[in-house]
Amino acid sequence: MTYADIIVDISHEKVDRSFQYKVPEELQHKLQVGMVVTIPFGNGNHERKGYVIGLSDTPAFDTSRMKELTGICSSEETTEERLIALAAWMKNQYGSTMVQALKTVLPVREKVKAKEKRYIILNVSEEEAEKIAGKLESGRCKARARLVRALLEEKKLDYTKASKEFGMTASVLRPLADEGIVQVVQDEVYRMTVDGANIPHEELSILTEPQQEAFDQIQEEWKADPPRPVLIHGVTGSGKTQVYMKLIRQVIDEGKQVIVLVPEIALTYQTVRRFYGWFGEKVSVLNSRLSAGERYDQFKRAKRGEIQIMVGPRSALFTPFSNLGLIIIDEEHEQSYKSENSPRYHARETALYRAQMENARLVLGSATPSLEAYTKAKDGEFRLVKLDARFEDRPLPKVSVVDLREELREGNRSVLSRSLRKAIENRLKCGEQAILFLNRRGYAGFVSCRSCGEVLKCPHCDVALTEHNNGRLVCHYCGYEQPRVEKCPVCGSPYIGGFKAGTQQIEQVLHKNFPKARILRMDYDTTRAKGSYEKILSSFAAHEADILVGTQMIVKGHDFPDVTLVGALAADLSLNVADYRCAERTFQLLTQAVGRSGRGTKPGEAIIQSYHPDHYSIQTAAAQDYEAFYQEEMAYRMLMDYPPAAHMLSVLVSGENEELLEQGMDYLAKFVERIASRYRIPVIGPAYAAVGKVNDIYRKVLYLKHRDERILQDIKDKTEKYIELNSGFRRLYIQFDYT
DNA sequence: AGCACGCCGACT
DNA sequence: GTCGGCGTGCTC
């Protein structure tokens, strides 16, 4: 006898878990994980749809009370089936529960209600309703009377609102509906996000010679069987988008569908407009501001074949297209492709799997590819396509690096070095624009010396130590701690401490230095209001300001033709983050920033200020030399066994009670150590997570590194089982993360 | 979501 | 005592 774990297709949290059913004899060899089946459910044995999420030979429930599933109904639901198989893969790969994986992949389940918004309306005249209400009140039917009264007030009553606000339940409503006094109606309206109809059609531009060459190389790869994923490494401003558009056109002409993933931040009105302009009604765009219901509507349109192209952030990867032909991931290196919630999937890896499963092609693009993708390209797993020339052969900007230690020695303590100040002055004189950029991403209080640039690092992990409120310096990988230092251990200077600089202070300094300049500031504070992001950018593009100051959000893919100067104010801010990827991120940010300069007809310039002017990530970014950066960084990852040289498994445990967390983590660490010692893998940690406390929930983390992915997966599986068997972990939340 | 069960106030 | 509304809890 086999038993199937099934998730019931009822959109309610209370049944959001699996139920076990017996599999009838004749279906035993046919049934597979991911199939959609019919099951009797609940007291009335109502027939419902269910998703098979697992099969086993041993029952986990009293067999005398277990029902039998009635049939397989998957013939036309192939899209769903594939997505469920994808969820099963994600569950294994990233160590989440199946329910969590299914929820990420099939937003359909929760959203049924949101889509079919239900209303209650009166089915009788108002006078009659008044009479009925009176009768109900004099009787004992207070709840029903309440409902009728509410309907007299408000003709169309929201179903969910009604049940929430005055506790209306089905047993209150049904008699009224049966007697024909009220009626339940449903609206089915698509909530359109952007009105594509008003955007004029645009023709795709003709490819430049290098673009055409890249396109041809991709065509060649697509003829192979099976075609490899393609990585387009194109310098900033080389026009990768044009190549994508041609590829998209080709694939939809074949009658297949396309998913385009873009980083959240790039989902601007401009991008959306361009897609609508080129492909009109065939496109739909998702973004995180969309409500669950709106997102469901778009997915439904995709499933019905009303659209051919879906553009959106990582969640758009799960668009239920029936004949998927191509997945494009733009700015493939972006951090936002990695999910923060369980399953902590990476869109690049997951896209690769989905593409393989559905015979779709995959194209990644970036000016600064992730080490993971570039390594695969070097190993021949991906096809590497280069786009080396900027549009119309415009030169890359001239870059210089300023040594802030030198500035301090010369007595300049301002955030602006002398050469940067001079350069800004020049731009103002010529009526050109400047962008000043503060790469604060992931900024966590590291400690550095302003005289010699020394940064305090963990002796075991080679990542920057973080200063905590209690004054101690802590490593977030292994938990190493040491007291605060008063003097620089290398040069003895007392100028050692945390880094303090914000966009606001810089704006003030600029006002003082250049009283006539018009300055715009763009950071988290100034972009919180809806639409303000667009407003600031379009105002700067229209040259209504001379200087734009901001965090990394200003360096992403915008075209400002009058900008001829970019200044990176403190490259060290992203270089010394307590994370092994900080050099990669710094290189990416600086390269992107530098690429904003000189996009128009006038040549551009860029100035990078740093306490580590000779660090390879800064030097190679200044030289715009990706290959050199890759070699250096990869050597470092090999040396330290950091990904992609090795794989890394982290176990994140969180809980409200710090003591309980501490205890649970100790037990867990002991267990993991025992398992890992069989493979001779050292366990790193436990340590407080980089963000040690979120919303009063404490977080601790363990790390394991190994070159063989399967060994880590085995350790993860065993740990998962151990957690399941021990009730002591019930009150802790445990997440696996896998890189 | 839908159904049974059990509590509680009103009425024969 | 009994009837029926209405909240609660369970569904393999």
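Throughout, protein chains are lettered first and strands after them, A, B, ... in sequence-line order, and every chain is numbered starting at 1.
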Q) Quick one: A:Y51 OH to C:dC12 P, roughly how many Å, whole number? A) 19 Å
**Q.** Closest nucleotide among C:dC6, B:dA4, C:dC12 to the A:K67 side chain
**A.** C:dC12
Q. Rounded to the nearest Å, what distance is computed from the CE atom of residue A:M66 to the P atom of nucleotide C:dC10?
A. 19 Å
Q | Rounded interatomic separation in angstrom, taking CD1 from A:I39 and C1' from B:dG2 | A | 14 Å
Q. In whole Å, what is the span from the CG atom of A:L69 to the P atom of C:dT11?
A. 19 Å
Q. When you check the phosphate oxygens OP1 and OP2 of C:dT11, does a side-chain N or O of A:R65 lie under 4.0 Å from one of them?
A. yes
Q: Could you please name the option among C:dG5, C:dC12, B:dG2 that lies closest to any side-chain atom of A:R48?
A: B:dG2
Q. For A:F19 and C:dC12, are the ring centres under 5.5 Å apart with planes inclined under 30°?
A. no
Q. Quick one: which of C:dG5, C:dC12, B:dC3 gets closest to the side chain of A:H46?
A. B:dC3
Which donor-acceptor pairs under 3.5 Å do the side chains of residues 660-671 of chain A make with protein atoms, sequence neighbours left out?
unit_1 : atom_1 : unit_2 : atom_2 : d
A:E662 : OE1    : A:Y688 : OH     : 3.4
A:E662 : OE2    : A:K700 : NZ     : 3.4

**Q.** Ion pair check, A:E68 and A:K22, cut-off under 4.0 Å
**A.** no
Q) Rounded to whole angstrom units, what separation is found between the CG atom of A:L147 and the P atom of C:dG7? A) 12 Å
(Q) Just the rounded figure in Å: distance from C1' of C:dC10 to CD of A:Q20. (A) 18 Å
Q. Base, sugar-phosphate, or nothing for A:Y21, non-hydrogen atoms under 4.0 angstrom?
A. sugar-phosphate
**Q.** Side-chain heavy atoms of A:N45 within contact of A:K67, under 4.5 Å
**A.** yes
Q.
What is the distance, to the nearest angstrom, from the CE atom on A:M1 to the C1' atom on C:dC12?
A. 13 Å
Q: Figure out the CG/P separation between A:D62 and C:dC10, and round it to whole Å.
A: 16 Å
**Q.** By salt bridge (charged side-chain N to carboxylate O under 4.0 Å, His left out) - contacts of A:K718 (at least two apart)
**A.** A:D714
Q | A:N341 versus A:S339, side-chain donor and acceptor atoms under 3.5 Å | A | no
